[in-house]
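Everything on this sheet refers to the single structure shown next.
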Amino acid sequence: MTRLAWAALLSAAMATGALAVSVGEIARKCGDDAKAYCDGVGYGDPMTECLAEHRSKLAPQCKVIVDRIRNGESVSLF
């Protein structure tokens with residue numbers, strides 16, 4: 001696929017809100033923060049809410065993930 005086609009596909013996905021944060025991305029970028037600030041909290045919405053409550057203490061890459069979810073991106077398994 002050409003770069004132009006990929007760019008068009010990405011633009012369309014962004015416009016429709018089709019982008020999502022993967023569980024793997026959350027684990028990689030927020031795993032240490034989740035252990036430090038949200039140990040024992042359930043997965044899913046409770047974890048997202050806990051991380052958001054501790055946003056000022058999070059690593060920069062985790063803050064980006066939390067912000068993406070808070071701004072409406074869904075969470076996917078893949």
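Hydrogens, waters and symmetry mates play no part in the numbers below; they use all other heavy atoms, side chains included.
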Arg70: salt bridge (Lys or Arg N to Asp or Glu O under 4.0 Å) partners, not counting sequence neighbours
none
Return the minimal non-hydrogen interatomic distance between Cys38 and Met47, and the atom names on each side.
CB-SD, 3.6 Å
Counting only pairs under 3.5 Å, give me each side-chain donor-acceptor contact of residues 22-31, with atom names and distances, residues two or more places apart or in other chains.
residue : atom : partner : partner atom : Å
Ser22   : OG   : Glu25   : N            : 3.0
Glu25   : OE2  : Lys29   : NZ           : 3.2
Glu25   : OE2  : Arg68   : NH1          : 3.0
Arg28   : NH1  : Gly24   : O            : 3.3

Side-chain contact, heavy-atom cut-off 4.5 Å: Ser74 with Val21?
no
Sequence neighbours left out, cut at 3.5 Å: what donor-acceptor pairs do the side chains of residues 54-66 make with other protein atoms?
residue : atom : partner : partner atom : Å
His54   : ND1  : Cys50   : O            : 2.9
Arg55   : NE   : Asp67   : OD1          : 2.8
Arg55   : NH2  : Asp67   : OD2          : 2.7

Tightest non-hydrogen contact, residues Pro46 and Gly42, listed as CB-O, 3.8 Å
Co-members of the apolar cluster containing Tyr43 [side chain, <4.5 Å]:
none
Residues forming a salt bridge (Lys or Arg N to Asp or Glu O under 4.0 Å) with Glu49, sequence neighbours excluded
none
Those residues that, when tested against Asp32, pass side-chain hydrogen bond (donor to acceptor under 3.5 Å, both in side chains) (two or more places apart)
none
